[in-house]
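Since the structure comes first, as structure tokens, the remarks are kept for the end.
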Amino acid sequence: MKYVVTGAAGHLGTQIVKALAQLVAPQQMTLGVHTPAKAATFAAQGMTVLPLDYRDSDTVATVLDAADVAIYVPSKSHDSFSRVTEFENVIAAAEKAQVGHLIVMGFIADQTNNPFDLSAFYGYVPRRLAGTNLSYTILRNALYADPLVPYLPELIERHNVIYPMGDASLSFISLADSAAAFAKVAVTPALWRQPMYTLTQERSYTMPALAKVLSNVSDEAIGYAPVTLSEFAALYNEGGEGHMLASMYDAGGRGLLATVTDDYRQIMGQPAQSLPDFLTTALATTK
């Protein structure tokens, strides 16, 4: 079996590679990365590392050639049009290579009424795949819990969670848990019968509830004092990401990021790590 992971040097891709390496031999793994030097450690373990530019259809075709199972992790492009264009190159290459099974990263912000900047892309993914002859599975992630760890010192300094969410709640999953599910689905054909799973922890959190969790794990008093969407966009516009981030919390405030399922338990046979447990463990490793 040949397992291909694209975007293998990114945050999720790296975790998927590590999880998959616990289930299959490294010699069975081919990694597509934008900068091969960033995957030198994986190459040293015996994995094949190939250059990949989603905008260059030739490199995509080379990476997916003869793949039995391919895991597609999208780029970090900030607009749906770019991502759809890249995805079309992946679809074309996967069909030409007759990939045995394609696993695609999705996101819970894919509803037709979702204002998130990238919701058009995430909504396009299942519709486009349904029109192909490919065998596929979409794994929709909740929000990643991991960014809360480096963000916590700022929240402590502010004494408040400031997400513009009103009374709505957010659902989370850790990168490690998401990656473990991707790897498990990749090696378990019985799980391919279901075309879509949604990876979440077992509960969602309103912002006061999230503030309470953050207070408990940090031993600091953190409340909830939301800023406006425009203020949030201005605060976090590094790299031009402000509008995209604000649009995501706009979606959250409309109740569109609160999805909770037991799909992770169905895949892994156990629940995803809870947010308090994840944060406690992650913070312990940073001390």
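Since we're looking at a predicted model, the values are computed, not measured.
Looking at V149 and F278, their side chains come closer than 4.5 Å, going by heavy atoms from C-beta outward. Inter-residue side-chain proximity for N216 and P276 is flagged as unmet; no heavy-atom pair is nearer than 4.5 Å. Residues L152 and L279 are not in side-chain contact: their nearest non-hydrogen atoms beyond the backbone lie 4.5 Å or more apart. The closest side-chain heavy-atom distance from F42 to V33 is not below 4.5 Å. Using a 4.5 Å heavy-atom cutoff, the side chains of I267 and T188 are not in contact. Counting heavy atoms from C-beta outward, V125 and M105 have side chains that stay 4.5 Å or more apart.
Within a 6.0 Å sphere centred on CD of Q98, other residues, nucleotides and ligands contribute 12 heavy atoms or fewer. Crowding of K184 atom NZ: a count of heavy atoms from other residues, nucleotides or ligands under 6.0 Å exceeding 12. Counted within 6.0 Å of CG on D167, heavy atoms from surrounding residues, nucleotides or ligands total 12 or fewer; the atom is thus considered open. No more than 12 heavy atoms of other residues, nucleotides or ligands sit less than 6.0 Å from atom CD of E238. Environment of CZ in R55: sparse, with no more than 12 heavy atoms of neighbouring residues, nucleotides or ligands closer than 6.0 Å.
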Chi angles and distances behind the side-chain hydrogen bond (donor to acceptor under 3.5 Å, both in side chains) call for Y54, R83 | CA-CA 9 Å; Y54 286 127; R83 289 204 186 186; over 6 Å; no
Test log, rule side chain to side chain contact (heavy atoms under 4.5 Å, CB included), inputs L170 and M207 = CA-CA 8 Å; L170 294 175; M207 295 308 93; 3.7 Å; yes
Could you give me the CA-CA distance, side-chain angles and deciding distance for M165 and Y224, then say whether side chain to side chain contact (heavy atoms under 4.5 Å, CB included) is met?
-> CA-CA 10 Å; M165 285 281 300; Y224 178 45; 3.7 Å; yes
Side chain to side chain contact (heavy atoms under 4.5 Å, CB included) between D250 and R254, intermediate numbers included = CA-CA 7 Å; D250 185 7; R254 303 184 194 198; 3.1 Å; yes
Please step through side chain to side chain contact (heavy atoms under 4.5 Å, CB included) for the pair K76 and E241, ending with a clear verdict.
-> CA-CA 11 Å; K76 291 185 177 181; E241 295 183 350; over 6 Å; no
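H243 and D117 form a side-chain donor-acceptor contact under 3.5 Å, judged by distance and modelled atom types alone. Looking only at atom types and distance, the side chain of S174 has no donor-acceptor partner in the side chain of Q273 under 3.5 Å away. Side-chain polar atoms of S82 and S77 form no donor-acceptor pair below 3.5 angstrom.
Applying the salt bridge (charged side-chain N to carboxylate O under 4.0 Å, His left out) criterion to D146, with sequence neighbours excluded, gives no partner residue.
Summarising the geometry of A186 relative to I103, their closest heavy-atom pair is CA-CD1, 3.5 Å, with the distance given to 0.1 Å.
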Run the side-chain donor-acceptor check on residues 58-73: report pairs under 3.5 Å with partners two or more places apart or on a different chain.
unit_1: T59; atom_1: OG1; unit_2: D53; atom_2: N; d: 3.0
unit_1: T59; atom_1: OG1; unit_2: D53; atom_2: O; d: 3.0
unit_1: T59; atom_1: OG1; unit_2: D56; atom_2: O; d: 2.9
unit_1: T62; atom_1: OG1; unit_2: D58; atom_2: O; d: 3.0
unit_1: D68; atom_1: OD2; unit_2: K2; atom_2: N; d: 2.7

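Under the 4.5 Å side-chain contact rule for hydrophobic residues, L256 and Y124 do not share a cluster. Y264 and V260 fall into different hydrophobic clusters, defined by Ile, Leu, Val, Met, Phe, Trp and Tyr side-chain heavy atoms under 4.5 Å apart, directly or through other members.
Considering CG of L118 and NE2 of H78, their distance stands at 8.0 Å, rounded to 0.5 Å. Distance check, rounded to the nearest 0.5 Å: CG of L175 to CG of N141 gives 8.0 Å. Atom-to-atom distance recorded for T198:OG1 and I138:CD1 is 9.5 Å, nearest 0.5 angstrom. Atoms CG and CG, on L214 and N160 in that order, are 11.0 Å from each other to the nearest 0.5 Å.
Annotation: cation-pi pair R203/Y205 present, NZ/CZ under 6.0 Å from the ring centroid and within 45° of its normal.
Between the side chain of S119 and the backbone N or O of P115 there is no donor-acceptor pair closer than 3.5 Å. Under the 3.5 Å distance criterion, the side-chain polar atoms of N237 are matched with a main-chain donor or acceptor of G242.
Ring geometry for Y122 against F116 counts as parallel: the plane angle stays under 30°, on a 0 to 90° scale with 60° as the upper cut.
Among L20, T6, I16, V49, the one residue that satisfies the side chain to side chain contact (heavy atoms under 4.5 Å, CB included) test with L31 is V49.
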